[in-house]
There are 2 protein chains.
Amino acid sequence: MVEEIYQHTRQLVSVDCIIFGYENDELKLLVFKRWIEPFKGELSLLGGWVNHDESVTNAAKRVLKLISGLNDIYLEQVDVFSEVDRDSGGRVISVAYYALMNIDEQNRHLIEHNSATWVSLKNKPKLIFDHDDMVDKALEKLRIKATYDLIGEHLLPEKFTLLQLRKLYNAIFLREFDPGNFRKKVLSLKVIEQLDEKDTFESKRGAFYYRFKKLIQVNYGNQIFRIEN
Amino acid sequence: MVEEIYQHTRQLVSVDCIIFGYENDELKLLVFKRWIEPFKGELSLLGGWVNHDESVTNAAKRVLKLISGLNDIYLEQVDVFSEVDRDSGGRVISVAYYALMNIDEQNRHLIEHNSATWVSLKNKPKLIFDHDDMVDKALEKLRIKATYDLIGEHLLPEKFTLLQLRKLYNAIFLREFDPGNFRKKVLSLKVIEQLDEKDTFESKRGAFYYRFKKLIQVNYGNQIFRIEN
DNA sequence: GCAAAAGTGTTCATAATACACCCATGT
DNA sequence: ACATGGGTGTATTATGAACACTTTTGC
């Protein structure tokens, strides 16, 4: 029997996705031309409603799959945005997620879905509502994530050089990392492994390709240990 | 004009508050006896619905004020809990917040509101739904917060000794901090100031009282204490 | 005197940083 | 030859952790 306490006023709940990509030594953001009022035609993040039969995270995954065709997109929750007047179309509580995707792999789908554009974060256009705040907070979270974990698995190609990885970090933190120190630090983490192949596009001498190790997560009670293959 | 796109199915949205306090060298949690079905009579976190005319954070503040009588309670968002079947009374999306409060100051209000009890985290009873997960995640967030910022302003009395502060940290991290090193580290942060008064209850020699400086703290990512492992 | 906490100083290991230096190769 | 990035090594500095040691005072 459902108590009357469960008959409270209900809210529109949405997800908004801050989709980051990496291209030409720059961190980019995927923005969409809005097709409904209010602010029809203006730029916004990718959004969608949360259905009754799915979790909020699943709503974000569903929406991302819809535009990219991909199932396993890396997602992190950013924050809940719920100011009463944040959406001039109505009272909407929105949960923001940032997603990381490889631009090259996804370009085809996104071009078909032609209301979407990759823009450089350096000259990001104004977005509707509080979407600019969402991007700022997402970038902040991404930077924190990148200080604790080596990211790049979802932004770089399968195999990449240390130069590419360093340039990605340069783009995220807007500073120049020392090549030698960056190399030593990254390799000490033991989360990427060297391949036999070399890249000769970016350097004359040739730089070894690396890839992220395939890690299996084993759950022992409460603690999760990451164990190598 | 409201577009039909804003006529999507709406959700019940709630807040749940993980209220931490500190007493007798232990971190405590405020739990409530549930007065509605399902699970009437069992223990739960403090919860409440989000109204149409308030932000989610304001809903948490409102609910906290209702039980404590206090306006400015320290709050941090923990996470969104939205599994479809997490609440057996219906589909409810819940935003969890942790709150820090000084137990001594609030005891009167809470005793009046006698369905509430402070329990030690060491022998925390089972709570309903996914509230145990909420507590775990809140504690995790609190620990992270305490590594970056010196906390205690909302858990300790106005004036406190370094011993009290250290015991609070011992309780949060469940380990013993070295007295000398703790003192040096804490004082180097320059966020607390020594008073002229001494406490002679806890030590024979007498220990200076300290209090948090009244100023805006800007802390950019320097860790205070390292978490092991 | 002894215990207990206050408070200071010293040593050691580790990690980040700055930077020098040689290697390999395409132009 | 030289510019460019690859890759290694080293000195310096900062920081945390371990711990020794003195001070003060109630019991």
Side-chain angles (χ1 to χ4, degrees), chain A residues 24-25 143-144 146-150 152 156-157 159-211, chain B residues 24-25 143-144 146-150 152 156 159-211 219-229:
Chain A
N24 298 132
D25 306 346
R143 286 191 177 128
I144 291 172
T147 49
Y148 283 99
D149 290 313
L150 190 65
L156 294 172
K159 49 185 188 180
F160 53 86
T161 63
L162 289 178
L163 176 61
Q164 290 175 280
L165 184 60
R166 180 160 54 85
K167 282 184 172 176
L168 169 63
Y169 266 78
N170 288 346
I172 290 173
F173 289 98
L174 299 173
R175 54 172 278 212
E176 295 290 316
F177 286 90
D178 178 272
N181 294 336
F182 186 85
R183 154 184 299 272
K184 270 176 290 185
K185 178 66 192 173
V186 161
L187 294 180
S188 76
L189 299 173
K190 300 195 183 306
V191 293
I192 60 173
E193 58 192 356
Q194 197 190 81
L195 305 181
D196 284 336
E197 213 175 335
K198 275 194 174 185
D199 162 276
T200 48
F201 292 101
E202 289 181 289
S203 93
K204 283 109 191 184
R205 177 174 167 183
F208 279 109
Y209 279 119
Y210 287 80
R211 72 171 169 213
Chain B
N24 297 133
D25 305 346
R143 286 190 177 130
I144 291 172
T147 45
Y148 282 98
D149 290 312
L150 190 65
L156 294 173
K159 50 185 187 180
F160 52 88
T161 63
L162 289 177
L163 176 62
Q164 288 177 281
L165 185 60
R166 179 160 53 85
K167 282 184 171 175
L168 169 63
Y169 266 79
N170 289 346
I172 291 173
F173 289 97
L174 298 173
R175 55 174 276 213
E176 296 289 316
F177 286 91
D178 179 272
N181 294 336
F182 186 85
R183 155 184 298 274
K184 271 177 288 186
K185 181 62 192 175
V186 162
L187 293 180
S188 76
L189 299 172
K190 300 196 184 305
V191 293
I192 60 174
E193 57 191 356
Q194 198 189 78
L195 304 181
D196 284 336
E197 214 176 335
K198 275 194 174 186
D199 163 275
T200 49
F201 293 100
E202 288 181 290
S203 94
K204 283 107 188 182
R205 177 173 168 183
F208 279 110
Y209 278 119
Y210 287 79
R211 71 170 168 214
N219 209 333
Y220 285 110
N222 283 326
Q223 278 188 225
I224 297 177
F225 298 105
R226 294 214 163 176
I227 298 173
E228 293 175 21
N229 283 343

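Numbered from 1 within each chain, the chains take letters A, B, ... in sequence-line order.
Between the C1' atom of dA5(C) and the CG atom of Leu162(B) lies a distance of 12 Å, rounded to the nearest Å. Computed from coordinates, the Phe177(B) CZ to dG16(D) P distance equals 12 Å when rounded to whole Å. Rounded to an integer number of Å, the gap from Gln194(B) CD to dT8(C) P is 9 Å. One atom, CD of Glu202(A), and another, C1' of dG5(D), lie 9 Å apart when rounded to the nearest Å. Rounded to an integer number of Å, the gap from CZ of Phe201(B) to C1' of dT25(D) is 16 Å. The distance from atom NZ of Lys185(B) to atom P of dA17(D) is 9 Å, rounded to the nearest whole Å. One interatomic measurement links the two molecules: CZ of Phe182(A) to C1' of dT8(D), which rounds to 17 Å at whole-angstrom precision. The interatomic distance linking Asp199(B) (CG) with dA4(C) (P) rounds to 17 Å, in whole Å.
Taking the ring centroids of Tyr210(B) and Phe160(B), they lie at or beyond the 6.0 Å cut-off.
The base of dG9(D) lies close enough to the side chain of Lys184(A) for a donor and an acceptor atom to sit less than 3.5 Å apart. Between the side chain of Arg205(A) and the base of dA24(C) there is no donor-acceptor pair of N/O atoms closer than 3.5 Å.
Looking at the side chain of Arg183(A), the nearest of the listed nucleotides dG7(D), dA6(C), dT17(C) is dG7(D). The side chain of Ala207(A) has dG7(D) as its nearest neighbour among dG7(D), dG7(C), dT25(C). Of the candidate nucleotides dC19(D), dT4(D), dA6(C), dC19(D) has the atom lying nearest to any side-chain atom of Asp178(B). The side chain of Asn181(A) lies closest to dA18(C) when the candidates are dG5(D), dA6(C), dA18(C).
Residues Leu165(A) and Phe182(A) are in side-chain contact: their nearest non-hydrogen atoms beyond the backbone lie under 4.5 Å apart.
Ranked by how close their nearest DNA chain C nucleotide is to the 5' end, Arg175(A) and Gly206(A) are led by Arg175(A). Along DNA chain D, the nucleotide closest to Gly180(B) and the one closest to Lys198(A) are compared, and the more 5′ of them pairs with Lys198(A).
Ring-plane geometry between Phe173(B) and Phe177(B) is classed as perpendicular, the angle between the planes exceeding 60 degrees on a 0 to 90 degree scale with a lower cut at 30.
Contact check, Lys204(B) against dA3(C): no side-chain N or O comes under 4.0 Å of OP1 or OP2.
Between Asn170(B) and Arg175(B), the shortest heavy-atom distance links the atoms OD1-O, 2.9 Å. Looking at every heavy atom in both residues, Tyr169(B) comes nearest to Asp149(B) through OH-O, 3.1 Å.
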